[in-house]
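Per chain, numbering begins at 1; letters A, B, ... match sequence-line order.
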Amino acid sequence: MSTVETTTPTTQAPAAEAVGTYKENRSARENAGRIFFVILILATVFGLVMLALLITDVVVKGIFNDLPGDYMLVTGDISGDTITANEVAVIDPLERIAGSRTQTDRGIAGEIVGTETRTEETRGGDTLNLEFLVLDTEHGEVLIQIDEDTVILDEDEGETPATLESFPVDGSAHVMVIGIERQDFIIGQEILVGPPEGSIAGEIRSFEGPTISVQIASDDGTEELSVQQNITLETSMGRRTVVLEEGTLMFFAADPDGDQTQLEELFGTRPPLTGTVITDFPSRRPREAGMLSGIVGSVIVIGLTALFSFPLGVGAAIYLEEYANRGWLTNLINININNLAGVPSIVYGMLGLTVFVRFFGAFRPSSPLVQAFNIPVEEGAVGGWIFNLFGIPWLEIHLPFGRSLLAGGATMTLLILPIVIIASREAIRAVPPSIREAAFGLGATKWQVISRTIFPIAFPGIMTGMILALSRAIGETAPLIIMGAFTFIAFLPSSIWDQFTVMPIQIYNWVQLPGDAFRVQLAAAGIIILLAIMLSMNAIAIFLRNRFEIKW
Amino acid sequence: MADVPIDSGGGGPLAFLRTQAARNVYERVMHALLFIASAFSILVTLGIIASLFGEAITFFTANPEVTLREYLTGTEWAPLLQSNPQFGILPLINGTIMIAVLSSLVALPVGLATAIFLSEYAPGRLRRAVKPLLEILSGIPTVVYGYFALVFITPQLERIIAAINTAFGLTDGPGEIEINLFNALSASIVVGVLIIPLVASISEDAMRSVPRSLREGSFALGATQFETATRVVVPAALSGILASFVIAISRAIGETMAVTVAAGATPKMTLNPLESVQTMTAFIVQVSFGDAAAGSINSQSIYAVGATLFLMTFTMNLIGDFILRRFREEYE
Amino acid sequence: MTTNGSTDYVFETDGLSVYYDGKLAVDNINLQVKRNHITALIGPSGCGKSTVLRSFNRMNDLIPGASVEGKIIYDGRNIYDDSTDPVEVRRRIGMVFQKPNPFPKTIYENVAFGPRINGYQGNMDELVERCLRQAALWDEVKDKLKENGLALSGGQQQRLCIARALATQPDVLLMDEPASALDPIATLRIEELMHELKEDYTIVIVTHNMQQAARVSDYTTFMSIDRSNPDARIGHVVEFGPTEQIFTNPQKKETEDYVSGRFG
């Protein structure tokens, strides 16, 4: 051992020489210790400063900076323009558009070839009439749902129709320009700039930054313009600078001096962290976006997880502590539980997807089970093979579970089960053996000993571990994304068979959306809410631990 | 017997037998239920293996354009391309290992130093205050760490890089250092912070289980506290510390949201931490977030990647667990 | 208590041997325990006193790897018979342990625990009070029955454990060094209590303390380690008899050495 090594030179060195050597050595050694301390303290201070910065950063972004409002560019009378053969551009169409989501989620342009009304039945049994525009675009015909959120830009009637074109830029977005002329990039021109910087409108005030070339489509064909990248606009919120980059949408008012064309503010601004973050559903407008469905989804998923993992986890812990005798099987279970605790959470998501969402594909149209019994196969979380005795949605059984709350809770259960088992075992092990002997000595059966003495005594400890595990589950994002939880859920679930989303998925979605309003501010607001819930769960756990700790 | 009647066992030999039989059935049922609960964990492992490897095998057998050889040795990963998709996993492994290594550079020294401090220096009250703090630190959702990396650390890195460029006159020159908005470095820093508590807590447990007598032996020879900590306690607890390293690196490999948010989605073979890379986990999220349909080649490819990830982390966890067991046997 | 007392003896052991993991711990014990008397088991540490005591209510069953040979006849029945339910045995033969081990429940619930699990249907308050009185604890705790049992002093805790054992209305009380963790005054209380309890119960006590055995017991069993094979540490009975005889006129040299303090 190392102790022996350090002693060897001391005992062998001649006494006279050693004195000098020791002194020199000692100061060097003490310096080493001091340096270590200084480094450690510096590292700690650095860590604390970073933590303080993070908290300030999140709080400032989440509370103090206002979210931008939304603007609409109105040219002419929109209501009369939805006629066949008219060319239109649609900003921020709903994601229900037929066709690929990645190509259409920022804007699309095309010629109207017709309108369509579809009737859909909601889960409540109501019928819903949905209005669609059928557009002929470069991606083929797509259906665009029209509702109060749809913003349609179209050409003024009567004039020679300017061609409205869309350019795929880097495969991600389109530049759509209406009636562009070279002089449109001039100071005083009214302009609306769309995603990815967030919609903002105003009058051009100045140009700055490096010069870039912009590809523009107009009546005379495609042309390239050189523009400076940073454009400062005078908006209703003061001066804002927008940066032109790939995928930026620009709409110029056709006539800078005309009275026909105007930019209108649709909504005012608001701070990110207000009550509406809690009470609103997800929205494509930062001004209206909230995470109500995420909060409700998280609460139900965590509730289901608690419901499933408690009996399974505590049962396993009791078995392993009180019943299992030493042997290969117990050993295997022990090693297995330790290893499951280290399996990446994303793997549990894939397990949940295969087992709970898809049932190993047993309900695919091509599976022998479906073909043999002629089981109706539906898509989606609330579909599948439905069995229901009493007509109450909560009592239905859907096979497979689909991307439902139930599948989410079941997936999370598998994820936290090892943690619950390990924590419960510790709590049970903390009950002294003398208590078991006392109960056995009174003629209790094994199960009575466990249920009447050990379990009640270990219960606060078990609950502490349970809450800590659940507080971890509430922040887990990856497994539920893999399992297929949704992002855009604008309703509250009516049963555990419904589709759902959770808080961290909302945050992730906001973080990866373009525009600071989502990426920075709303994400910060969401994080504040999530951390508040998580930390209060931790506080409850610590309180339980301190309040019910038994000193033997 | 006493004068107060007791209902069970008090009513003659037959009644006694009846209750005993009933009681035994109940006891056996509870025993069986509890056993099932504990055996359930084995079912979970089997479920993981069946679902990951089942679909991964389909990925290789059902798609003629994919071969295991190409998968393991190919240096281009582009399964989402419509035409001529590429299935070489090395770029994803490259990204994963780069982040694991860089984050270890952050977490292992700091975690070990924290463990030494907590186990050898900190008074009991401080330790009791710090340990729950570490627990909370490790409990913060990883998507929050990702946000922190993207909106806080990356801008700081950009500033530092710009300062370096200016200082060395590299701006607009051929040697200009460029940093991507999504980069491996900032993701590695937060993943490092994320796994510090893991290293600290396992290492601290290991060091605290080193017997007092070893420390006393060292002090008695005139060693300073620092020497005792670094030359006696750390070597004695070395296997436990190594186990904490292995487990922490395995955690870094499996870490998902922080790297998905901060490191980007560009699978490539690079050693430059300022570039955007993609890890195995980030790829799985990328595909899943875009609703991969069951049975499509995309959906199958995530299982192949997931199985690879599982094999890597599972092996490391087994090694870590094995080392820890050996270590515990040494001192118990 | 004596309803089916066809014999004076509560326990008669016949060739009792206990093994731990196949290793012999106590060998060929033959003892009689007389009804309504106190029988003490004394001997040096590790001679298997507690093992023998725990055999009387099958507590050894709970230790993994423990096995028992021979018979213990209780109430005319072998308690190690296959048809005997160990749970029933333990209900009729109460036990008090070395260290006080009250449950972390209220004083009341501690006493009521045994009756509850055994489906007692009488007046619980009355039973609790009677047991606490029998254990000479009632006066001290009657105003704080709702307080946690762990809040009592060590001696009170041990008397609470005795009350708890009495509440299942056993025939026999087994006491495993009940006073070893207590101070002298608390020990004295427990010893006085044992004198009172032997009116109604048969008591078997393991003690380390020879004076205690001499003070409280009617019969004494001296156990020791088999000297012919000291490494194996196999316990056996050296001498059994009335306490007075064991302490004043032992028949065996080994006993005399031990009780006079020359060995142990």
Look at [options] and state which one has the largest set of heavy-atom pairs under 4.5 Å with chain B.
options: A/V343, A/I421, A/I507; value: A/V343
options: A/A324, A/A523, A/G315, A/A317; value: A/G315
options: A/N338, A/N538, A/L468; value: A/N338
options: A/I333, A/I482, A/I505, A/T477; value: A/I482

If you count heavy-atom pairs within less than 4.5 Å of chain A, which of B/Y303, B/F322, B/F314 leads? B/Y303
Do you know which two heavy atoms are closest between [X] and [Y], and how far apart they sit?
X: B/T308; Y: B/A304; value: OG1-O, 2.7 Å
X: B/I249; Y: B/A100; value: CG2-CB, 4.4 Å
X: B/S250; Y: A/G342; value: OG-O, 4.4 Å

Proximal component of [X], with respect to chain B [non-hydrogen, under 4.5 Å]:
X: A/Y508; value: both
X: A/L312; value: both
X: A/M350; value: both
X: A/R545; value: side chain
X: A/L329; value: side chain

Distance-only polar pair, side chains of B/R325 and A/N334, donor-acceptor under 3.5 Å: no
The criterion is side-chain contact (heavy atoms from CB on, under 4.5 Å); which residues satisfy it with A/N336, sequence neighbours excluded? A/L340, B/S41, B/I42, B/T45
All side-chain contact (heavy atoms from CB on, under 4.5 Å) counterparts of B/F283, not counting sequence neighbours: B/W77, B/P79, B/L92, B/Q278, B/Q286, B/V287, B/S301, B/I302, B/V305
Region of [X] that comes under 4.5 Å of a non-hydrogen atom in chain A:
X: B/I48; value: both
X: B/E135; value: both
X: B/F35; value: both

A/K446 side chain to A/E322 backbone, donor-acceptor under 3.5 Å: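 Flag set: sc A/K446 to bb A/E322 pair under 3.5 Å.
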Would you say B/F152 and B/V190 make side-chain contact, with heavy atoms under 4.5 Å?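 The answer is no; the side chains never approach within 4.5 Å.
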